[in-house]
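Residue indices begin at 1 and follow the sequence shown.
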Amino acid sequence: MKLSGQLDDRVQVRKVLQAQSIQEPRKGVFVYDMGQNMVGFPKIFIPNGKAGQVITLRYAEMLYPDLAEYASQKGMIMLENIRAALAQDIYVLKGGDEYIQPRFTFHGYRYLEITGVDQAPALPQVAGIVLSSISEISSSYETSDPMVNKLWTNITWSMRGNFLSIPTDTPARNERMGWSGDINVFSKTATYLAPVNNFLRRHLQGMRDVQRADGRFTDVAPMGGGFGGTLWGSAGIVIPWETYQQYGDKALLAEHYDAMKRYVAFLASKQTPEGILNEGPLGDWLSPEGNKNDNTAFWMSYQAYNYEIMAKVATILGYADDAANFTQKSSERKALFNQIYIDPVSHKSVKSGIKTATMGPPNAAAANGSSDKGQLVDTQASYAIPLALGIFDAANKPHAIAGLVETVKRSNTDDGGVARPAYSLMTGFIGTASISEALSANNQHAEAYRLLTQKTYPSWLYSVANGATSIWERLNSYIPKPITIDEMNDFIFKPLPNNKILNCKIVITSQNTYEKLYPKYFLYVYNNDKFLLSAKKIFKTTSTNYYIFNKEDMSDNSYIGKISSNFLSTEFNIYDNGKKPGKAKESEIRISFGTIVYVILNNIRKRIY
């Protein structure tokens with residue numbers, strides 16, 4: 001074992017926030033708004049406390065929206081988005097005046113709930129201690145648009161919160177790990193925002209520590225494991241290069257070079273006989289139109305880009321033979337990409353026909369059936385990512401630029417079948433980091449600006465328009481209203497030929513995850529373990545709490561899966577053009593808008609889709 005000193009600054013207190021407001025949504029439940037989504041812990045002054053009194057603290061990023069559907073939860077903290085994270089601290093008072101300040105933990109939160117106190121602490125008595133590995137934000141940005149300025153501020157707060165000893169994916173939910181896909185696309189930005197040279201250098205050491213024997217960088221570091229693939233592992237190539245370009249640290253390149261060589265050799269070992277890289281499963285993760293993409297195109301793009309970086313690093317370190325070899329491999333990869341992924345007639349992006357491993361919905365297509373080779377892709381990411389990485393050749397590049405501009409300017413249909421407005425951001429993790437650069441680097445500044453200032457979902461400013469104070473993982477991580485007739489106006493509903501009442505109770509889950517980003521509106525109905533019907537489209541009437549479904553949209557397909565966890569739900573009745581709703585008798589159906597559907601039968605909860 002080799003011990004070495006800490007390279008970067010330790011996690012320290014960087015700011016202290018004061019509670020901005022307080023409300024009491026239920027008797028004895030006090031909710032404080034810190035005014036900013038932050039990472040750290042509270043410092044609460046309790047005057048004249050009673051010995052043995054138990055104080056409970058809970059943490060959340062959002063409150064339930066003030067809507068009739070959530071009347072029973074009005075003003076309460078919302079915890080669905082943090083999944084199974086036990087974001088709670090329990091403190092037993094010793095008596096007298098004292099401070100509650102948790103140690104050896106941190107929380108991602110804006111709202112602090114305090115229970116167990118006889119009287120709510122005053123606002124000046126509740127502070128938020130902000131922790132980070134980032135000592136300062138050393139850059140600034142200001143425009144004439146307040147919403148763009150707020151987006152910038154949100155970026156800096158997310159960086160401050162997620163650069164906590166390691167670059168995490170989230171500081172709030174039950175994950176908080178160093179997923180490499182996040183830092184792969186954010187490392188360049190990070191080097192402009194703050195002095196992160198040693199922070200990233202130390203993280204690269206963590207990546208090397210868990211690098212597999214075959215050369216594969218794990219998708220999570222320094223813990224290891226994960227399920228990302230090329231776009232996640234390539235962080236081991238991209239991070240040192242971006243860091244070197246900003247800070248000129250050759251020592252960083254030298255100590256990481258052998259690990260980089262082992263990784264590109266590993267990727268080469270995952271090529272198919274046709275030369276296509278098949279190392280996934282993740283592609284442009286969380287893209288609203290991810291199912292249209294061919295993920296191998298993104299993997300091939302990054303493989304060619306990795307070789308290009310390797311050639312530059314080898315030249316800097318004086319390895320001339322390596323540099324020549326990597327240059328040749330990069331050129332070969334680019335040539336093959338242009339041959340496979342661009343249709344020679346239409347010059348649009350197309351699929352390779354290679355079947356890959358998938359990571360269940362969203363962003364996963366079936367890995368069976370007939371070949372899709374040559375099938376049109378024509379998505380924003382399919383042009384933006386290769387353009388940003390310099391993959392298109394001279395013949396295809398003008399067409400790729402035109403294709404990207406066209407996909408930005410037009411309305412695109414997402415994976416849920418919903419037509420999104422022109423200038424919507426249809427990209428995921430990887431494509432979002434590429435699209436602005438791909439546009440501006442090719443003199444499409446007006447389109448990049450229009451894309452930046454769009455405010456409807458999905459867009460850069462959608463979260464800002466909805467009150468975000470940090471960057472959301474998903475483009476619509478929080479929707480402050482339930483699904484309404486306006487949000488379903490692309491569906492056509494027809495009356496049913498009879499008034500049969502369904503003998504069941506229906507429950508809609510209110511979960512702000514896949515369902516809101518990938519709305520498929522599937523309904524599966526069972527009774528006494530017998531499959532009755534499934535409706536792909538359902539509709540809520542405007543004047544009642546009844547829901548109707550269209551038999552033309554029904555199918556006989558159903559799938560029983562593993563037992564899953566319960567989520568907060570809102571009940572409603574369903575009928576098929578009748579005048580009265582059905583009543584719950586022998587079964588309770590639990591449906592979820594999107595990719596997850598639950599059914600409860602005889603007290604056994606099963607995932608059925």
Side-chain angles (χ1 to χ4, degrees), residues 15-44 55-67 69-91 100-102 105-117 120-121 123 125-132 154 157-158 160-162 164 168-176 463-464 466-474 476-482 509-513 515-516 565-570:
K15 288 178 177 289
V16 177
L17 303 182
Q18 208 64 48
Q20 300 296 301
S21 65
I22 178 178
Q23 58 178 311
E24 187 178 8
R26 297 178 184 173
K27 183 174 177 58
V29 177
F30 304 104
V31 177
Y32 293 80
D33 182 0
M34 305 309 299
Q36 170 65 52
N37 209 16
M38 54 161 282
V39 175
F41 49 76
K43 183 176 183 179
I44 306 164
I55 310 297
T56 301
L57 312 177
R58 296 200 303 166
Y59 307 85
E61 296 179 305
M62 299 298 295
L63 303 180
Y64 282 101
D66 185 10
L67 296 169
E69 287 79 356
Y70 307 107
S72 64
Q73 301 289 335
K74 182 178 179 180
M76 296 293 288
I77 61 174
M78 187 177 74
L79 299 174
E80 284 82 355
N81 67 305
I82 66 173
R83 300 178 183 173
L86 302 178
Q88 174 178 287
D89 295 314
I90 298 175
Y91 186 86
I100 299 177
Q101 182 173 312
T105 189
F106 70 90
H107 300 281
Y109 69 102
R110 173 176 174 176
Y111 297 95
L112 168 66
E113 178 192 274
I114 304 178
T115 56
V117 293
L123 290 179
Q125 296 172 331
V126 178
I129 309 301
V130 179
L131 302 177
S132 181
N154 290 355
W157 272 100
S158 285
R160 187 180 285 114
N162 280 292
L164 195 74
T168 62
D169 62 329
T170 169
R173 68 170 184 251
N174 61 330
E175 206 162 346
R176 311 185 189 190
S463 63
V464 176
N466 281 279
T469 62
S470 59
I471 299 299
W472 295 347
E473 178 181 22
R474 302 170 187 271
N476 64 342
S477 288
Y478 176 80
I479 297 179
K481 57 182 179 178
T509 65
S510 175
Q511 183 192 11
N512 294 309
T513 53
E515 291 87 346
K516 299 296 177 64
S565 59
N566 191 9
F567 294 94
L568 179 78
S569 59
T570 301

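In plain terms, the two heavy atoms of Asn37 and Gly108 that are nearest each other are OD1-C, 4.4 Å. Residues Thr469 and Gly35 approach most closely at CG2-O, 4.1 Å, considering heavy atoms. The two residues Ile22 and Ala120 come nearest to each other via the heavy atoms CD1-CB, 3.5 Å.
In this structure a side-chain-to-backbone donor-acceptor pair under 3.5 Å is present from Gln20 to Gln18. A donor-acceptor pair under 3.5 Å is absent between the side-chain atoms of Ser132 and the main chain of Leu164, judged by distance alone.
Listed by chain and residue number, Asp89, Pro102, His107 satisfy the side-chain contact (heavy atoms from CB on, under 4.5 Å) test with Thr105 (two or more places apart in sequence, or in another chain). Residues forming a side-chain contact (heavy atoms from CB on, under 4.5 Å) with Ala468 (at least two apart in sequence, or on another chain): Asn154, Ser463, Trp472. Among residues two or more places apart in sequence or in another chain, the side chain to side chain donor-acceptor pair (under 3.5 Å) test is passed with Thr168 by Asn162. Residues satisfying the salt bridge (charged side-chain N to carboxylate O under 4.0 Å, His left out) test with Lys74, not counting sequence neighbours, are Asp66. Judged as a ring pair (Phe, Tyr, Trp, His ring centres under 6.0 Å), and not counting sequence neighbours, Phe41 has no contacts. Evaluation of the salt bridge (charged side-chain N to carboxylate O under 4.0 Å, His left out) rule for Arg160 yields no partner, not counting sequence neighbours. With sequence neighbours excluded, the residues forming a side-chain contact (heavy atoms from CB on, under 4.5 Å) with Glu473 are Arg173, Leu286, Phe429, listed by chain and number. Residues satisfying the side-chain contact (heavy atoms from CB on, under 4.5 Å) criterion with Ile90, sequence neighbours excluded, are Val54, Thr56, Gln88.
Between Leu57 and Pro42 there is a side-chain heavy-atom pair separated by less than 4.5 Å. Met76 has its side chain out of reach of Leu63: every pair of non-hydrogen atoms, C-beta onward, lies at least 4.5 Å apart. Between Leu17 and Met38, some side-chain heavy-atom pair lies under the 4.5 Å cut-off. Side-chain contact between Trp157 and Lys15: present, with at least one pair of heavy atoms (C-beta onward) separated by less than 4.5 Å. Using a 4.5 Å heavy-atom cutoff, the side chains of Tyr32 and Ser21 are not in contact.
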If you apply the rule side-chain contact (heavy atoms from CB on, under 4.5 Å), what do you find for Ile114 with Ile44, and how did you get there? CA-CA 10 Å; Ile114 304 178; Ile44 306 164; 3.7 Å; yes
Could you please spell out the steps behind the side-chain contact (heavy atoms from CB on, under 4.5 Å) verdict for Ile55 and Thr115? CA-CA 6 Å; Ile55 310 297; Thr115 56; over 6 Å; no
| query | Going through the distances and angles, do Asp33 and Arg110 end up as a side-chain contact (heavy atoms from CB on, under 4.5 Å)? | reply | CA-CA 6 Å; Asp33 182 0; Arg110 173 176 174 176; 2.8 Å; yes
Decide yes or no on side-chain contact (heavy atoms from CB on, under 4.5 Å) for Tyr109 and Val39, but give the supporting numbers first. CA-CA 6 Å; Tyr109 69 102; Val39 175; over 6 Å; no
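The stretch residues 56-65 participates, sequence neighbours left out, in these salt bridge (charged side-chain N to carboxylate O under 4.0 Å, His left out) pairs: Arg58-Glu113.
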Tell me which donor-acceptor pairs under 3.5 Å the side chains of residues 23-31 have, and how far apart each pair is, sequence neighbours excluded?
unit_1: Glu24; atom_1: OE2; unit_2: Gly28; atom_2: N; d: 2.8
unit_1: Arg26; atom_1: NH2; unit_2: Ser72; atom_2: O; d: 2.9

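Between the CD1 atom in Ile129 and the CD atom in Gln101 there is a gap of 5.5 Å [rounded to 0.5 Å].
Using a 4.0 Å cut-off between a side-chain N of Lys or Arg and a carboxylate O of Asp or Glu, Asp169 and Arg176 do not qualify as a salt bridge.
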